Amino acid sequence: MNASSGSGGGRVRQLRDKAQELNRAAERSTDPEERRRLQDKARRLQEQSEQESKIDDRGMDPM
C-alpha cells in the first residue's frame, strides 16, 4: 500500500480538489478583488497539499 492510499493521501486530494474549485471560481469572477482573493486561497491550499504530500512521501509507516 502506498502513502497516497492512506488517510493522508485522501486529505491531499481534498485540498487539491478544493484549490482547483477555487481557481475555477476565480476564473468566473468578474470582480478583480474577489478573483484575487480566490486565487490567493487556492494557492495556499495548493501549497498546503504539497507540504502534506511531502510528509506522506517520506513514509510515515514504519513497516
Side-chain angles (χ1 to χ4, degrees):
M1 183 180 280
N2 64 26
S4 64
S5 63
S7 63
R11 173 146 171 82
V12 169
R13 168 60 93 194
Q14 287 178 336
L15 290 170
R16 289 180 181 164
D17 288 348
K18 184 64 176 177
Q20 288 177 350
E21 180 183 326
L22 289 170
N23 275 322
R24 286 191 297 270
E27 290 172 2
R28 292 189 304 267
S29 178
T30 58
D31 179 8
E33 187 174 324
E34 177 73 2
R35 180 180 297 130
R36 186 171 33 254
R37 186 185 67 78
L38 291 168
Q39 289 171 333
D40 287 346
K41 188 168 184 176
R43 188 184 70 251
R44 286 192 302 272
L45 288 174
Q46 185 64 34
E47 289 170 358
Q48 184 177 352
S49 76
E50 289 170 5
Q51 289 298 318
E52 291 191 21
S53 178
K54 288 177 186 176
I55 290 170
D56 285 348
D57 288 346
R58 281 189 274 183
M60 298 299 287
D61 187 4
M63 298 184 95

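These numbers come from a predicted model, not from an experiment.
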Separation between CD (Glu34) and CD (Gln39), nearest 0.5 Å, reads 10.5 Å

Result for side-chain contact (heavy atoms from CB on, under 4.5 Å) between Arg44 and one of Gln46, Gln48, Lys41 points to Lys41

Here the gap from Arg16 atom CZ to Ser53 atom OG, rounded to the nearest 0.5 Å, amounts to 4.5 Å

When rounded to the nearest 0.5 Å, the distance separating CD of Glu33 from CG of Leu38 is 11.0 Å

Correct closest heavy-atom pair for Ser49 and Leu15 would be CB-CB, 3.6 Å

* Asked: Going by an N to O cut-off under 4.0 Å, is there a salt bridge joining Asp40 and Arg43?
  -> yes

So CD of Glu21 and CG of Asn23: to nearest 0.5 Å the spacing works out to 10.5 Å

CG of Asp17 to CG of Leu22, rounded to nearest 0.5 Å, is 11.0 Å

d(Leu45 CG, Gln14 CD) to nearest 0.5 Å is 11.0 Å

